[in-house]
Structures are given as structure tokens and as C-alpha cells.
Amino acid sequence: MKKILLAGLCALMMGALPSRAQWGPRAIPEPTDGLKDAYKDYFMVGVAVNNRNVTDADQIKLIKREFNSITAENAMKPQPTEPRKGEFNWEDADRIADFCRQNGIKLRGHTLMWHSQIGPWMYQDENGNLLSKEELYANMKHHIQAVVNRYKDVVYCWDVVNEAVADSPVYPGRPELRESPMYKIAGEEFIYKAFEFAHEADPKALLFYNDYNDAEPAKSQRIYNLVKRMKDAGVPVDGIGMQGHYNVYGPSMADVDAAIKLYSQVVKHIHITELDIRINEDMGGGLRFNQGQAQVSDWERTLQQDQYVNLFKVLRKHKDVIDCVTFWNVSDRDSWLGANNYPLLFDSNYKPKQSYLAVKGFDPKMDNVVVKEDFKPSELNQPGQEYPMVNSQGYARFRVNAPKANSVIVSLGLGGSGGTVLHKDADGFWTGTTAGPMDEGFHYYHLTIDGGVFNDPGTENFYGSTRWESGIEIPAHDAAFYAERDVPHGNVQQILFWSASTNQLRKAFVYTPPQYEKNKKKYPVLYLQHGWGENEFAWHVQGHANLIMDNLIADGKIQPFIIVMTYGMTNGVRIGGLGGFNYNDFQTVLCDELVPYVDGHFRTIAKKDSRAMAGLSMGGMETHTITLARPEMFAYYGLLSGGVYTPEEIQDPKQVKGIFIGCGSKEGPDRIMQAAADLQAAGFNAKGYVSEGTAHEFLTWRRCLYEMAPMLFK
Ligand code: XIL
């Protein structure tokens, strides 16, 4: 969330910000380096290109920045290179090969023998009869060797045979291999021959067997079996190409991991040769082009990003055997799947997606982190609910029962990721753990199940983002200041007051300190506002304002005062609409209706010097405006992640007796501290405070209240 918050005052003013994923794709600045650089210690990052890609200046720039291996998407395949026997067509292949030669980019050869995109002359006569084995091998040899010879100065590896293994299910008695014409003529031997011909032409080239559904357990076993038989027969096969045409629902990373482990028992080189992750459930090489939706939803983007991030994590783990990962096409516009399937890291305008940043911006340290298995139920869980859980490192783990769902996302997650994607266990429960430790303190969240928004039945609900959200508490190391202790406790009571200006009965919560009922004393009052999306419950429920006060009073750190918490009328505002927010209505309710009501019904010191106003986020914005507009009302001002005061805007320095400005260390604190220093320099009693290790969230504001309270009413 940090970057959004830095973006400007507007964002800084917002209370419970919705997760990134709800905002749609954000423009990402043009990268200065590429995926190849991010992965230089792991493997090459390649891309499949067409003719346009290597002739358009902008696309060339992108390719050179991002990738250090290239595959010709179609140009080197059997049919394009030799549509009719002996009639070679090198134009497209040469252009791509020359591009690689000129730019010093490595070239993967794809592909020499495939049942698709192959001239029928290879395996049948003019009458459609299959050729003899000898004729087939002669055709294969002359074709394979012509292509390999032509590019052997620049091609470092070849997908020699493509997609020769049968798809699942393979019924008993059926062959493990695809019944292609070549197979029908020569059986498995045609595969061996293809490798031998290629090796003869270029003994230095690494030779791959390449296939799809490469992580599906049954098919990967068949791929392994084939390559194992080849190895045992002395066939020059060096590697296995996992095409990697995946989707956002599968394969599971456990299956990818298992397949890589299996393949690495028989080859020393594994390439991911054709990576894309489509947003629908089609798998493999089925060419059903227009299966995508017209519009990709934010939650689907989150699923895709999660699948990409987790896949690259598995690939990094296997860097000893994986030496190249190639994307199948440059951008969604080029994708063989059609742009609607949204499969790549660059969108239809060749702009990087959020998932590009996530794939690139991995933290190597996090790859080896061991998550401690000391998870305990979150303290905010409903009675008897085990999940969500929190561990001692601050990781959160979720478990949701949704047996018929296709996807479950928790909106809570790490910076910009759009949340934590849960995965389905065998028992129909969805579980998942945040990718890293969460900030200490309270967090709102919700579930997105197949695109619909729900609360987690495991936890209590808290009003934020203009709805009752689920909440989780990551225990803070300094939680003692709001802990439930055996000390005298004040009360929080609901009051109802008639507001003539809005013609409504309005509500507020009033904290009265311990002893209030027992003595006759009069007390100062702090009017304390919540943020955007929240309401009058926020400060005493998720903020623990009453407990913070009780503890401060018990420890003798403050003189007791009353706190009044009412709804700031902020929730009609939509994101981006803050500029047009009208403060007058709330100003009237607060200053001309609520304050007189409170002074009339509680033992307050009904004077300006004993009145303070403070607010968090958008409540800070309200505080700022109202304190300046009505200087006769309040003597102490507090802005909590809610902007700053400048000396110039305070007309009469004597109008204010104390100013508190605070925020979290993760929300650009420099401005806050500078503003406090400026105010002090101008002679104001001002205090700046930065909450370490927190962002725009409630632990920041709990701490701010704790730091601010002692300076009020002095
Ligand atoms: C695809 C190309 O991207 C398309 O342009 C073409 O029409 C069909 O082939 N597995 C492979 C690739 O090995 O060669 C295929 O490429 C995608 C599936």
C-alpha cells in the first residue's frame, strides 16, 4: 500500500483503504531493466517472437530490455520452413535468426518434428497413403539437417520433437504416445531418429523433448518414461521442455514441483519453453482461441499474479536444473490465445502488468524463509473458531470451507499483491498463508469467492471500507498500552442526539473515565474522528481508545478526560472524490449540535481550552478544516495520518494550545516530522510522532492516541 499512500494528500486522508485489487490495474512506469536482469543468477528469460516483434522499434526495445533468449513462434517449424518437399522458405526464420545474431541474443530452435504445422509430404504420398519408414526417415533427415545446419551458428538448443506423448487419460492397452502419422509409420523409433539426425548436424546443440500438460502427474510420468527409454537406448537427448501453458486455476505448484523433480532424474536440463497463464480453465495446447472474457476482473488478475509468483518461486528453487524460462509471446496482443485470455506479463499495449513487477521484484531472502508452525487463532475470532490464525512471525493463515468454489482470495496480503490466494485441500477446505509477515496490529479483510465478496465466518466484523469487514489482529510487541488490564475502567456509552440541521437522530459513543460516576468533577473533552469508510464504532472497537485511556490514567500518565466519537459523515465520498467533499454539514453537526448536547448532558468543562479535536486519515482532514474554520471551539488539534498544519494557516497563534501530528513509518513520515518542526520553530506547542513499522492502519492510530493524550489539556 505504501506507494499509493505516497501518491498524495488525498490518499493519505483515507481511512480503511480498500485493497489494491479493488482499484483495477495501475499504470506502471517503463522499466529500466528487465526480467533477464532480475533472474541473472537463476536462468535465462526468453520470449517467443513473430515477425512484427522483431521489426517494430518499440517492441525491439522491450525485447532487448527484458529477454536474453528468443524462440521463433512459428518461423522455424516444419511447415513454415519446408511447406513442400525440397522447397525451403527461410525468410521469416532468417529474420529472427539475424535479429539474434545482431543483438547477441541466444536462440532456441523450435521445432523440428511435430504432428502439427508440418507439410503432409513428410509422412504421406499424394494419394494420402502413409509413406514407408525408410521414406519417412529420409524426409525427416533432409528436413531436420537442412534447418539445423542453417542456424547452427546461432541456435543453442532445439525442441527436436514436440508433443509426441499421449494426453490423459490413456486407457489400458492404448499407446503412451500420440498416434501421429509418424508414430503410425515408425512407432516410437521416429522420435529417436529425429534426435539422431539433429545431433549429427550439430553435435553441440542441446536437444530437448518438448510437451504440454507437463505438470499433470499421469502425463509427466509418460514424458519421463519416454525420455528414460531414450536415454537407456543411447539417444542424444539432453533436456525436457515443459511448455508451461498454464492457467490461473492450475496446475498446482506441488504438481509443477513434482514434475521438475521427476524430469531431473533423467535429464540435466529443463526449460520452460512456452509459458503463459490464461485466466480461464483451458489447459495444454487445445487451440480454442476466443475462450476469454471481454473483461478481466481484479480478482482474476490477483489469481494470475499469484500463479506467476508461485511458479517463479518453484522455478528459482530448481535453478540447478532449469536454465531457461520462455514466455510464449511478447504481449497479450501477440498471444496465440488471444488478448482476451490475458495470459502474459505485458498487456495488449505492451505495458507491464502488476504481475510483471511481482515476478521481477521477488526477495531472494524470502525464498528460504521457514514459516514457523506455531500458529494460534487470531484474538478477534468468533468463539470456538480456529481460523484465521497468526504465528509468532506475524504470518496469517486462513482456512475457509467452500467445497464448490473455484477460487478463494483473502484481501489481506503483502504490498500490492491484491491479497492471499487460498488453495483447495482434499477435504474441500481452502487454506493459505500470507506470503510474508503482516504489520503488527489490526487489519480489515474480506474474502473474494469466485468474484463475490464475503466475510470470513471465522472472525468478528469491524466497520471499514463502508461495510462490516472481517478483522484480524497481529499481536504487537507493544500491545501492553492497550491491553485489558486489571485497572479501573471507564465506560463507553451510546448517546442519541437530535440534529436539526440534518433532521435526524444521530449517534455518538462517549467514553467517560473511571470514577466519572463516583465524583462530581468536570472533565475536558476530546472529539475523536474515524477515517473514510469507517464510523463511530472504529475508535473504541478496533482502536481500543477506552483501554488506552484506562491504562494511561491507571499509570498516572494523564489527567482523565472524556472522549466523544461520532460518525463523521464521510462515507458518501467515493475514492477519488475527496476533493469535492463538503465539510460544512459535519462542522454544523459537530460544533453546533453535538458539542452543546455533550456539554448539556455530561459534566464537561464547557470551554474552548478544555476541548480538543483529533481525527485519523479523513477524520484528520475534517479536524484540520473544522479547527481552522471554528477557532473558538477547540484548543488542541490532532492529525493522525491525516495531513499537517502549517504555521501560516493558523491565523492567530494564540488560538491553539497544542498540535499533535503523527503517522506510520510506512506512509511517508518525513512530511509529518518536518511540519512538526516548522510549527515548533514558529513557536507552537507541537509534537510530531512516527509509529515504527506500521502503515495507514490502526496500530499507527492507537499509538498516536497514546502519544497525543498526555499533551492535551495541559
Ligand atoms: C502456436 C503458435 O503460437 C501459433 O501462432 C500457431 O498458430 C500454432 O502454434 N505448442 C507449441 C507451439 O509447441 O509451437 C504452439 O505455437 C503452441 C502450443
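Sequential numbering from 1 along the given sequence is applied to the chain's residues. Counting starts at 1 for both ligands and their atoms, in listed order.
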Decide whether Glu163 and Gln243 meet the rule of one side-chain donor and one side-chain acceptor closer than 3.5 Å. yes
Please work out, at 4.0 Å between heavy atoms, whether the side chain, the backbone, both, or neither of Asn329 comes within that distance of ligand 1.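 Looking at Asn329 and ligand 1, no heavy atom falls under 4.0 Å.
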Going by the 4.0 angstrom heavy-atom rule, the piece of Asn74 near ligand 1 is side chain
Going by the order shown, which atoms of ligand 1 are within less than 4.0 Å of some heavy atom of [X]?
{"X": "Lys77", "result": "1 (C), 2 (C), 9 (O), 12 (C), 14 (O), 15 (C), 16 (O)"}
{"X": "Gln243", "result": "10 (N), 11 (C), 13 (O), 18 (C)"}
{"X": "His110", "result": "11 (C), 12 (C), 13 (O), 14 (O)"}
{"X": "Glu274", "result": "10 (N), 11 (C), 12 (C), 13 (O), 17 (C), 18 (C)"}

Salt-bridge contact Asp257-Lys317 (side-chain N to carboxylate O under 4.0 Å):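 Result for this pair is yes, salt bridge flagged.
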Side chain to side chain contact (heavy atoms under 4.5 Å, CB included) involving Asp153 - partner list, sequence neighbours excluded: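 Here the qualifying residues are Arg101.
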Sorted by chain and residue number, the salt bridge (Lys or Arg N to Asp or Glu O under 4.0 Å) partners of Asp92 (sequence neighbours excluded) come out as Arg95
As an exercise, state the distance from OG1 of Thr81 to CZ of Arg150, rounded to the nearest 0.5 Å. 10.5 Å
In terms of heavy-atom contacts, Leu131 and Met122 come closest through CD1-O, 3.4 Å
Looking only at N/O atoms, are Glu163 and ligand 1 under 3.5 Å apart anywhere?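 So ligand 1 has an N or O lying under 3.5 Å from an N or O of Glu163.
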Does an N or O from Asn162, backbone or side chain, lie closer than 3.5 Å to an N or O of ligand 1? yes
Do Phe346 and Phe327 make the cut of ring centroids closer than 6.0 angstrom? no
Residue-ligand contact Tyr212/ligand 1, heavy atom below 4.0 Å: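 False for this residue.
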